[in-house]
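Read through the structure below, which is laid out as structure tokens, and then see the notes.
Every chain is numbered from 1 and lettered A, B, ... according to where its sequence line falls, protein lines coming before strand lines.
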There are 2 protein chains.
Amino acid sequence: MSSSTDRIPATERREQILEAATRVFGEQGYAGATTDRVAKAAGISQPYVVRLFGTKEQLFIEVVERACARIGKAMERAIADDASEKEVGPRIGEAYVDLVQTDRGILLSLMQGFILGQDPAIGPVARKGFMTIYERMRSVMDAEEAMRFMAQGMLINTLIASNLTEGIDDDDQVDELFACTFGDKLGLVLEGLSKAG
Amino acid sequence: MSSSTDRIPATERREQILEAATRVFGEQGYAGATTDRVAKAAGISQPYVVRLFGTKEQLFIEVVERACARIGKAMERAIADDASEKEVGPRIGEAYVDLVQTDRGILLSLMQGFILGQDPAIGPVARKGFMTIYERMRSVMDAEEAMRFMAQGMLINTLIASNLTEGIDDDDQVDELFACTFGDKLGLVLEGLSKAG
DNA sequence: GTCTATACTAGGATAGAC
DNA sequence: GTCTATCCTAGTATAGAC
């Protein structure tokens with residue numbers, strides 16, 4: 001599958017690593033994740049990860065920035081899609097839930113970023129990402145609606161992060177909460193969110 | 001201030017340590033926090049922290065459980081306080097915001113717990129705590145309202161955790177989001193939350 | 001009940017070869 | 001562009017004294 005001549009361009013490698021790192025940081029947290037795990041996940045050596053990003057911190061920062069960019073793009077697509085008969089709110093909500101299902105890591109590592117707001121290097125990046133998303137939201141809805149939207153997003157993130165999704169400790173209340181939070185692929189909840197605007 | 005004979009009962013010590021640990025874990029995260037920092041914050045030696053709790057993991061678990069218990073108690077008080085002319089929703093919301101202001105650590109370390117849902121030892125504890133709070137909420141309001149309430153709580157946590165509170169990167173949009181999220185000591189938002197029930 | 005000393009491991013980062 | 005070897009620090013946990 002891989003010969004000893006598996007040299008691929010640095011740009012592509014960086015993207016591979018960022019992808020792997022997004023998963024690893026999302027699951028283990030910034031401090032809990034190791035550059036070695038990231039390397040393993042990306043199929044390369046640990047020193048090479050450090051080589052390409054300088055430090056673990058820098059790698060994490062780029063992961064957070066990439067996550068924000070991804071969310072931003074998904075939002076843009078949802079906003080632009082005015083063919084749909086739905087309102088912007090639900091369209092964005094649906095896009096977000098889709099993203100969640102496709103790539104948990106993005107949301108999880110972004111959350112990890114938020115929670116490190118105290119950190120002098122990471123904090124500013126996380127706050128900037130958060131506010132960029134909020135501001136884009138505000139450009140298509142009023143403050144109250146945007147706030148509720150962010151709140152809903154944070155709940156979704158928490159439910160996923162805490163692994164309540166897995167129904168491991170299955171409980172009818174969990175089901176109810178999920179039904180209410182996501183509806184059928186977001187459902188009532190996000191509908192309600194938009195009709196509040 | 002402290003003589004060499006500062007022996008205090010273990011129960012009290014445990015509480016002191018839990019308090020310190022709540023702050024430290026809240027700021028640095030589970031993996032990022034060290035038992036040594038906790039020890040310093042509690043004014044004792046690192047090995048003694050380990051001695052009293054067995055492992056760092058166990059200490060963290062007790063921190064999370066304590067955080068949930070604290071929130072639970074604040075909720076009970078708010079629910080019982082039917083002298084107030086306010087609805088339950090806003091009362092609980094207000095109690096939560098009060099708690100936030102008094103002790104950030106509780107919310108932050110609880111959040112750290114949620115985000116470690118993957119962890120086989122911590123995950124179950126975090127999920128249990130989350131659901132206990134949700135269920136108590138459900139006992140005084142309907143599913144939709146309870147969900148929105150949790151969402152609002154997660155947003156509050158995120159705003160605090162990401163340190164947007166500090167206005168470091170001050171931005172008028174941040175102010176707006178805060179005004180909207182907290183109102184004046186929670187305001188409109190939570191009021192709106194309850195009138196949805 | 002609490003400390004000092006210490007064993008042991010893990011993990012980030014560097015050097016330098018290929 | 002990528003690896004192996006390795007340094008060095010930091011951090012959990014244990015042993016054992018007081």
Check: Same cluster for Leu110(A) and Met131(A) if Ile/Leu/Val/Met/Phe/Trp/Tyr side chains link at under 4.5 Å?
Finding: yes
Next item on the list: Determine whether Ile17(B) and Val50(B) fall in the same hydrophobic cluster, where Ile, Leu, Val, Met, Phe, Trp and Tyr are linked whenever their side-chain heavy atoms lie under 4.5 Å apart.
Entry: no
Next item on the list: Flag the pair Glu145(A) and Arg138(A) as a salt bridge only when some basic side-chain nitrogen lies within less than 4.0 angstrom of an acidic carboxylate oxygen.
Entry: no
Check: Is the number of heavy atoms from other residues, nucleotides or ligands under 6.0 Å of Arg37(B) CZ greater than 12?
Finding: no
Just how far, in rounded Å, is [atom2] of [N] from [atom1] of [X]?
X	N	atom1	atom2	value
Gln28(B)	dA10(D)	CD	C1'	14 Å
Phe25(B)	dT12(D)	CZ	P	8 Å
Phe53(B)	dA13(D)	CZ	C1'	16 Å
Gln58(B)	dA13(D)	CD	C1'	15 Å
Arg14(A)	dG1(D)	CZ	C1'	14 Å
Tyr48(B)	dA15(D)	OH	P	18 Å

Item checked: Side-chain donor-acceptor contact under 3.5 Å, Ser139(A) with Arg136(A) -> yes
Note to self: For nucleotides 11-18 of chain C, give me one character per nucleotide, 5' to 3': B if any protein heavy atom sits under 4.0 Å from the base, S if the only such contacts are to the sugar-phosphate, - if neither.
What the structure shows: SBBB-B--
Notebook entry, point to check: What residues, two or more places apart in sequence or in another chain, satisfy salt bridge (charged side-chain N to carboxylate O under 4.0 Å, His left out) together with Arg104(A)?
Noted result: Glu166(A)
Check: When we call it a touch if two heavy atoms are under 4.0 Å apart, what does Leu52(A) touch: a base, just sugar-phosphate, or nothing?
Finding: nothing
